[in-house]
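Chain letters run A, B, ... following the sequence lines, proteins first, then strands; residues in each count from 1.
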Number of protein chains: 4
Amino acid sequence: MARHRDYTKIEQIFESTLKLVLEKGFAGLKMAEVAKEANLATGTVYIYFKDKDDLINQLYLFLKRRKTILFLQGIDQKEDFDIVLKKIWFAYFEVTMQHVNESAFLEQYYRSPFLKSNVKEESKQILKPIYDLLERGVAEGKLCAVNVEILLSQIVGPIHEMIRAYHDGAVEINAESMNQLYQLVMKGIKA
Amino acid sequence: MARHRDYTKIEQIFESTLKLVLEKGFAGLKMAEVAKEANLATGTVYIYFKDKDDLINQLYLFLKRRKTILFLQGIDQKEDFDIVLKKIWFAYFEVTMQHVNESAFLEQYYRSPFLKSNVKEESKQILKPIYDLLERGVAEGKLCAVNVEILLSQIVGPIHEMIRAYHDGAVEINAESMNQLYQLVMKGIKA
Amino acid sequence: MARHRDYTKIEQIFESTLKLVLEKGFAGLKMAEVAKEANLATGTVYIYFKDKDDLINQLYLFLKRRKTILFLQGIDQKEDFDIVLKKIWFAYFEVTMQHVNESAFLEQYYRSPFLKSNVKEESKQILKPIYDLLERGVAEGKLCAVNVEILLSQIVGPIHEMIRAYHDGAVEINAESMNQLYQLVMKGIKA
Amino acid sequence: MARHRDYTKIEQIFESTLKLVLEKGFAGLKMAEVAKEANLATGTVYIYFKDKDDLINQLYLFLKRRKTILFLQGIDQKEDFDIVLKKIWFAYFEVTMQHVNESAFLEQYYRSPFLKSNVKEESKQILKPIYDLLERGVAEGKLCAVNVEILLSQIVGPIHEMIRAYHDGAVEINAESMNQLYQLVMKGIKA
DNA sequence: GATGAATGAGCGTTCATTCAT
DNA sequence: TATGAATGAACGCTCATTCAT
């Protein structure tokens, strides 16, 4: 129900849910465990969330928002396009790395049947600043005149793939390899 | 002699499982439904698969193998590198498009906790021909001298992302847009 | 505060279980029936007992304790040995007769594979007062200087056998036949 | 069905069943395992036994007969009563010891709900020679003029109890302790 | 007769959700 | 609001039995 009563409890529940989902997957997520992990009674969770489904969907939005705020922090869109893009790219990389768990969750559940379509839409809305930036890049003739969705996936996809590879032990991540990837990516999308 | 073990049943079960997983997600997968969909008794499924978990894991490998066979079909690795790469890239695109369901399943479960690590390893083994090809490309000075994992993600990632975007209604997929993406990708990884 | 854990439910469950086990045997015991018989939901049984096995084991201990308390009731161990022994013997006989069901259960499951070894040990502990008494009898030179276990089986065994015979319709049980058996038994173990 | 076809198979099935029952208890007995242990197919067991229940009941009778034959072997009922009784008592003791497993099974299932009443009756019939002997003892004025059932339980019960105690590690069994028990028992029932 | 794959009713157990306190 | 015991539908899996070969 109301989501303004005790914000601390909500965050506790979110953190517990995230932890448990990452540990045991969504299928293994039990409401009683979420509650226990958050030092709450089972019923309490149902005061803040209608049901399990609602909890998952809310958590998704919560994490999406948090991540976006983090990597847009301190970005000044009025700066030179190339600089903004570079800053955002590295910021996104670092935030994704530092919050692998959340990112894994976000990726894993974006296309799962748990997420309701309105949540997906809201989730896209959150990325609006990025879409705007890319459109500006195309308008300024800095990027290939390609669909923005494609551009975004070209920018973001490789980051995810590299971090995946890193966690599979396939690659190292350091200033050099990050730069290397950045060069590759830019080579691909620059006009 | 009793009835022989009928291995076509395994495929029946796989198809039913895939269908149901895609319809309702893994959490909604019920063994009884799998059996019914495959016109079998519940217990019969357990003759061929130890349990639900085993079924999912086996299905994953089955689809991975099938997909790989499909897009490597008719590829002659002795041909010119650029040609082989291009053929594979478009073959992979088309197979992924035509078997979106299987691909979605493969993507969705690769990193899920359902898959046991040995299945992941076996899954990688299946892609060996691709790794070999990329290494050849690097050796021949045709591709950036970058970690093969990164190269692969640069090649495959954008395809997945574009098809996702397509299913979200964000882009069209046709000869032109495919070519456009291919150019982008190649621009990115060519030496 | 939520409802308190209601420990009388445990006894309800015990009684239902005992009733059903005696009616249909252990193999025919169904958790759902236990719950229904106790006017509870299936799941409730699992709040108080880990699983079916645990239920059986706990029930065993419960009945063993209850029976022991009953036949030791009003016994004053400070009295003359012969009197204490006689009182206990007849008390045991009567309690076993009046609670044939429980006794049947106790006998039947003592050596069955359902009972875990720690339960068997705890079960022995319950009989400690009896062992002590017999040792006192030996020490006072009233009983054959034989292993206490043997003595006990000489005392208790015939009671069980007679009640069995009674339920098979082979013998009558009355003051006379009980006395007759008591004489036989005592003749056998007195020093 | 027919029980004369392949007697070897029947014995194989009996042995396998006994082994498995003793290992895992009756509740854990699976027809498929019985078959496997006997190197037969599941269906084969159903050629020789109507169902699981029938198998258990037949096994009971089989073992009861076998045990009785064993301990009556070489007994000449025409000999002096005291000698016959003593011989039988020790023979029963030894056979029970040497075939603890069978005996455990016989004891455990005699009163279980698995045994049908006609099997119990048939089982009693097998002990007829013993009843006859005891009646003779009473007639000859050698035994207390007590119901034969009681006498039997006085004779047989202690043996079972002692062997139980032995397996619980509570007592030693050797010529001396056996004799000791024999004296106790006889003291109890002699006229 | 022998085989063992197939069947499917049935049962133990779980867990999302409710509700008395 | 918070609690956590209670609920019971639902599901995974088993296993006695059948039956096609």
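Summarising the geometry, the separation between CD1 on Ile56(A) and C1' on dA16(E) is reported as 13 Å, rounded to the nearest angstrom. Look at CD on Gln12(C): it is 13 Å from C1' on dA6(F), rounded to the nearest Å. Nucleotide dT14(F) holds its C1' atom 18 Å from the CZ atom of Phe49(B), rounded to whole Å. Here the P atom of nucleotide dC13(F) and the CD1 atom of Ile13(B) are 14 Å apart, to the nearest Å. The OH-C1' distance, from Tyr7(B) to dA5(E), rounds to 11 Å in whole Å. Atom CG in Asn39(C) sits roughly 15 Å away from atom C1' in dG8(F) (whole-Å rounding). Across the protein-nucleic acid pair, Arg5(B) atom CZ and dA6(E) atom P stand 8 Å apart, rounded to whole Å. Look at NZ on Lys24(D): it is 13 Å from P on dT14(F), rounded to the nearest Å.
Here Ile56(B) contributes atom CD1 and Leu61(B) contributes atom CG; the two are 12.0 Å apart, rounded to the nearest 0.5 Å. Atoms CE and CD1, from Met31(D) and Ile13(D) in turn, are 8.0 Å apart once rounded to the nearest 0.5 Å. The OG atom of Ser123(C) sits 11.0 Å away from the CG atom of Asn57(C) when rounded to the nearest 0.5 Å.
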- Could you run through nucleotides 9-15 of chain E and give me one letter per nucleotide, 5' to 3': B if any protein heavy atom sits under 4.0 Å from the base, S if only the sugar-phosphate is that close, - if neither? --SSBBS

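Partner of Glu102(A) under the salt bridge (Lys or Arg N to Asp or Glu O under 4.0 Å) criterion, chosen from Arg66(A), Lys64(A), Lys19(A): Arg66(A). Applying the ring pair (Phe, Tyr, Trp, His ring centres under 6.0 Å) test between Phe14(C) and each of Tyr48(C), Tyr60(C), Phe49(C) identifies Phe49(C) as the sole match.
Minimum heavy-atom separation, Leu29(A) to Lys52(A): O-NZ, 2.7 Å. Considering all non-hydrogen atoms of both residues, Thr8(C) and Asp6(C) come closest at OG1-OD1, 2.7 Å.
Using a 4.0 Å heavy-atom cutoff across all strands shown, Lys36(A) reaches no nucleic acid atom at all. Tyr48(C) comes within 4.0 angstrom of the backbone, heavy atoms only, and of no base.
OP1 or OP2 of dA6(E) sits under 4.0 Å from a side-chain N or O of Lys9(B).
dT14(F) is paired with dA9(E) under the Watson-Crick or G-U wobble criterion, all donor-acceptor distances under 3.5 Å. Pairing of dA20(E), defined by two Watson-Crick or G-U wobble distances under 3.5 Å, is identified with dT3(F).
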